[in-house]
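I have placed the structure first, in the form of structure tokens, so that the comments after it can refer back to it.
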Amino acid sequence: MKNIKYILIVFAFFAAFGCEDVLDTEAKDAFAEDLIYSDPVQVERLVYTVYNSTEGWGVNRQQWWSRRFNLEGASFEAKFNFQNKDLFRVRAGWTASNVGVLKEKWLYYWGYVQQANEFLDKVDESVAMQKDPDKVKVLKAEMKFLRANIYAKLIQYFGGVPIIETAFGLGDDYNLARNSYEECVDFIVKELDEVAAVLPQTRPNGEFGRATSLAALAVKSRTLLYAASKLHDPAFAPDNNALYVYTKATKWQDAADAAKAIIDIVEARNLISVANATEYQKLFLSPNQDILFARPYGSVYYDYGTDVNSLPDMTQSPNGYGGWGLSSPTHNFALEFNMADGTTTDDVNYDSNNPNDGREMRYYANLLYQGAEFRGRPVNYALSADPAIISHGDDSPLGLGNRNHSSKTGYNIRKFQDESLSALTDISASRPYILYRLAEVYLNYAEAQYHLGAEGVAREFVSKVSTRALQPAVTATGADLLEAIKRERRVELCFEGHNFFDERRWMNEAHLGFIINGLTWTAATDGSFSFTEGPVVTRPWWDKHYYLPIPSDEIEKAPAMLQNTGY
């Protein structure tokens with residue numbers, strides 16, 4: 001399948017930004033500006049460039065380490081594994097000058113806002129618009145979609161930010177003040193409503209990864225759900241400040257309506273059915289109708305240029321397979337997965353001595369654990385009680401490969417891995433990085449409807465997700481129903497970049513600062529296995545960590561840009 005190829009170019013905003021590989025033969029700077037804007041094909045390539053603002057497998061594409069793992073390592077789901085390093089600084093704490101591997105988020109996003117604004121400043125009066133207005137109007141809508149999506153991510157990380165709708169020149173005043181969080185949400189929603197009326201509802205296969213009206217509505221749905229959440233409620237917000245709070249009385253109805261707009265278009269259809277864990281795994285390996293927006297990968301382009309070692313097969317496989325296992329799922333998170341009959345790990349059906357037995361299908365699809373069949377053999381984390389009689393496990397701290405990459409928790413990530421590949425460095429034909437999908441929208445709707453008091457509707461839509469995963473329909477009521485919706489989000493959307501933000505917007509500090517537990521396995525000389533459960537590291541919590549700080553050098557350049565609370 002032919003996927004779009006992104007042009008990567010040099011840009012600057014506030015400070016110089018790093019160079020990246022140019023992936024098309026004709027780059028922006030190969031043409032005079034008037035020639036670019038006179039040709040609809042070249043205008044389209046400018047839009048392709050800004051598609052690089054969407055997320056991929058790595059949390060920070062500008063840094064070698066962090067283009068190989070994502071936000072799961074700073075969430076309840078997992079920890080960064082290699083040598084127990086604190087690359088996210090969630091243990092050391094963030095400062096205005098050091099947020100670890102999240103350091104490029106501010107400049108990265110604003111650089112793409114600048115590119116989008118340069119395009120939007122020029123495209124209406126361009127010769128290309130005169131030549132092919134139908135095509136170029138859609139390209140303009142794509143660019144506005146991408147800018148709105150960037151803003152949605154900026155306010156998740158930073159709270160209210162400056163709303164900038166025109167490009168900056170060298171002589172312009174950069175001393176910008178921040179808009180309120182509510183103003184930013186209104187701006188994002190307005191932009192997305194406008195582009196949803198222009199963008200096509202579907203794309204041909206060769207344009208997988210291009211924006212659609214459904215993608216725009218999905219960004220709107222997430223944005224309004226987040227805005228309605230506890231973190232932004234003036235009664236609960238850590239700082240009742242316009243930079244962080246959302247005061248609209250209709251907030252939950254607005255969030256419900258945004259999700260319902262998508263649900264009506266798809267006619268509330270069931271999610272793609274699966275019969276087992278393998279079929280569920282395959283939903284994340286190729287385009288399908290449940291995906292609303294994704295970053296496409298393939299044989300031509302796979303994340304950072306052609307760096308195959310940034311893809312999950314190498315980065316997340318256990319050390320015994322030659323992988324790097326960079327994100328170790330926590331045992332705390334593994335306990336979120338139910339039993340096959342829908343009971344929880346707090347119920348009597350869970351055997352704490354055999355934690356991998358009888359679990360729900362998604363446990364087996366998403367996690368690697370002791371004894372899991374993976375790439376032709378069982379995963380084996382066990383250290384031998386007597387290596388002269390029985391060898392250490394291949395995936396143990398004394399096993400194969402780079403032992404520094406052995407799991408510190410007794411788990412690895414299975415989700416997203418293409419086990420049909422012959423080698424970890426082979427390339428899948430069309431594996432996407434999913435950004436928005438229908439299951440999330442159903443869960444958004446369930447959460448909003450719960451807060452509106454419509455528990456029956458909430459149960460209906462959370463059950464659409466749970467029953468697809470071969471779990472029973474959700475029957476809980478009251479506070480238990482809200483917890484069931486939250487659990488379903490944790491499990492269904494795991495390792496997709498949601499949990500980092502979900503636990504914050506729910507202000508669930510028990511999942512933000514906590515003792516990370518793991519399982520340490522031992523092989524007896526008779527071939528049997530046993531484990532001990534215990535702490536791996538302690539992750540503290542500070543209220544300032546609800547938001548990233550604005551980089552200190554940016555505050556120095558723009559004193560009107562107020563710093564986030566606590567920094």
Side-chain angles (χ1 to χ4, degrees), residues 52 54-92 94 98-105 108 153 156-157 284 294-295 297 302-334 366-368 374 395 401-418 424-425 428 431-435 490 493-503 516 518 536-537 539 545 548:
N52 283 297
T54 62
E55 306 294 350
W57 302 110
V59 70
N60 177 357
R61 298 180 69 252
Q62 308 313 308
Q63 195 255 5
W64 191 92
W65 264 118
S66 53
R67 74 178 68 120
R68 290 164 164 77
F69 56 86
N70 214 322
L71 279 173
E72 69 277 344
S75 76
F76 181 62
E77 297 169 337
K79 64 176 293 297
F80 180 74
N81 185 56
F82 183 70
Q83 296 181 339
N84 272 329
K85 290 180 180 293
D86 187 22
L87 295 188
F88 285 98
R89 288 186 62 87
V90 287
R91 303 200 302 271
W94 296 336
N98 193 349
V99 292
V101 294
L102 295 170
K103 65 182 180 179
E104 300 292 351
K105 289 297 183 185
Y108 183 79
K153 292 184 288 188
Q156 290 169 24
Y157 279 112
F284 301 92
R295 187 179 180 92
Y297 292 86
Y302 30 100
D303 210 5
Y304 195 81
T306 54
D307 183 0
V308 67
N309 290 335
S310 63
L311 294 179
D313 311 290
M314 175 64 76
T315 63
Q316 299 299 348
S317 287
N319 57 291
Y321 299 82
W324 297 344
L326 292 179
S327 298
S328 290
T330 69
H331 183 59
N332 319 58
F333 171 65
N366 294 326
L367 298 178
L368 291 172
F374 181 65
D395 311 301
N402 186 333
R403 295 170 177 177
N404 286 319
H405 291 294
S406 63
S407 175
K408 307 302 183 292
T409 63
Y411 297 95
N412 287 100
I413 294 176
R414 187 171 207 159
K415 193 174 189 177
F416 313 123
Q417 295 210 46
D418 187 349
L424 300 184
T425 52
S428 297
R431 176 171 42 188
Y433 182 81
I434 299 172
L435 298 164
R490 291 185 187 109
L493 305 178
C494 68
F495 311 132
E496 296 177 46
H498 293 269
N499 188 258
F500 178 91
F501 299 108
D502 277 345
E503 304 292 356
I516 292 174
V536 178
V537 292
R539 185 181 292 171
H545 279 205
L548 287 177

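Because only heavy atoms are used, hydrogens play no part in the values below, and waters and symmetry mates are left out as well, while side chains stay in.
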Start with the C-alpha gap between Y157 and F501, add the side-chain angles, then the distance that decides, and say whether ring pair (Phe, Tyr, Trp, His ring centres under 6.0 Å) holds. CA-CA 8 Å; Y157 279 112; F501 299 108; 5.1 Å; yes
List the steps, then state whether salt bridge (Lys or Arg N to Asp or Glu O under 4.0 Å) holds for E496 with K415. CA-CA 10 Å; E496 296 177 46; K415 193 174 189 177; 2.6 Å; yes
Kindly determine whether F495 and F284 satisfy ring pair (Phe, Tyr, Trp, His ring centres under 6.0 Å), including the steps that lead there. CA-CA 12 Å; F495 311 132; F284 301 92; over 10 Å; no
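Residues R91 and N84 bring no donor and acceptor atom of their side chains to less than 3.5 Å of each other. With no hydrogens or angles considered, no side-chain donor-acceptor pair links R67 and S310 at under 3.5 Å. If you check the side chains of S75 and E72, you find no donor sitting under 3.5 Å from an acceptor.
No side-chain donor-acceptor contact under 3.5 Å links D418 to the backbone of S428. For the pair R295 (side chain) and T54 (backbone), a donor-acceptor distance under 3.5 Å is present. No side-chain donor-acceptor contact under 3.5 Å links T409 to the backbone of G518. For the pair N60 (side chain) and V101 (backbone), a donor-acceptor distance under 3.5 Å is present. Between the side chain of H405 and the backbone N or O of G323, no donor-acceptor pair lies under 3.5 Å. The main-chain N or O of G73 is never found under 3.5 Å from a side-chain atom of E77 such that the two would form a donor-acceptor pair. No donor-acceptor pair under 3.5 Å is formed between the side chain of Y321 and the backbone N or O of L424. Side-chain atoms of D313 never come within 3.5 Å of backbone atoms of S317 as a donor-acceptor pair (strictly under, hydrogens ignored).
The one candidate from W324, W57, F80 that meets the side-chain contact (heavy atoms from CB on, under 4.5 Å) condition with F69 is F80. Exactly one residue among S407, S406, S328 makes a side chain to side chain donor-acceptor pair (under 3.5 Å) with N81. That residue is S328.
For the pair R68 and W65, the cation-pi criterion (under 6.0 Å, within 45° of the ring axis) is not fulfilled.
In this structure, Y433 and F416 have tilted ring planes: the angle between them lies in the 30° to 60° band.
The shortest side-chain heavy-atom distance between L102 and L548 falls under the 4.5 Å cut-off. Within the 4.5 Å cutoff, no side-chain heavy atoms of N366 are placed close to those of I413. A heavy-atom distance below 4.5 Å is not found between the side chains of L367 and R414. Side-chain atoms of F88 and K79, non-hydrogen and from C-beta on, never get closer than 4.5 Å to each other. Counting heavy atoms from C-beta on, the side chains of V99 and R89 never come closer than 4.5 Å.
Looking at every heavy atom in both residues, L368 comes nearest to P318 through CD1-CD, 3.7 Å.
Classification of E55 and K105 as a salt-bridged pair holds, one side-chain N sitting under 4.0 Å from a carboxylate O. With salt bridges taken as basic N to acidic carboxylate O contacts below 4.0 Å, one links R490 and E503. Under the 4.0 Å criterion applied to side-chain N and carboxylate O atoms, D395 and R403 are not assigned as salt-bridge partners.
In this structure, the ring of F76 has its center no less than 6.0 angstrom from the ring center of F500.
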